[in-house]
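Only heavy atoms go into these numbers, but all of them, side chains included; no hydrogens, no water, no symmetry mates.
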Amino acid sequence: MSILISFLDLLLYLAIIFVVAYAMRWLITGFLGWSIDPMVYKWAQIIVGLLCIIAIVTWLAGLRGLGGGLPHFWAYR
């Protein structure tokens, strides 16, 4: 059961990354009306991809007992 909960926590973390990236893109292009340079957009996609890979590798390491786990937005004490 704890693997399922940690996987759902990983999905929540990935969803937050995607929502923040999409909101920033919408803010720049849709709300402000500015265009994004293709090179800047490519590097932003690379950074979002790296953040997702870091989250997945950290989750997998946590399954094996090697990592500290994903950052928690709330803590049970």
Contact summary for Ala55 and Leu14, nearest pair of heavy atoms: CB-CD2, 4.1 Å
Pairing residues for Leu63 by the side-chain contact (heavy atoms from CB on, under 4.5 Å) criterion, not counting sequence neighbours: Ile3, Ser6, Trp59, Leu60
Under 4.5 Å side-chain linkage, directly or through intermediates, the cluster mates of Leu50: Met39, Trp43, Ile46
Nearest-0.5 Å distance, SG of residue Cys52 to CG of residue Leu10: 9.0 Å
For Phe18, all residues meeting ring pair (Phe, Tyr, Trp, His ring centres under 6.0 Å), sequence neighbours excluded: none
Separation between CD1 of Ile17 and CG of Leu12, rounded to the nearest 0.5 Å: 10.0 Å
Run the side-chain donor-acceptor check on residues 23-33: report pairs under 3.5 Å with partners two or more places apart or on a different chain.
unit_1	atom_1	unit_2	atom_2	d
Arg25	NE	Tyr41	OH	3.4
Thr29	OG1	Arg25	O	2.8

Other cluster members, Val57 - Ile/Leu/Val/Met/Phe/Trp/Tyr, side-chain contacts below 4.5 Å: Ile53
Sequence-distant partners of Val40, side-chain contact (heavy atoms from CB on, under 4.5 Å), two or more places apart: Ile36, Asp37
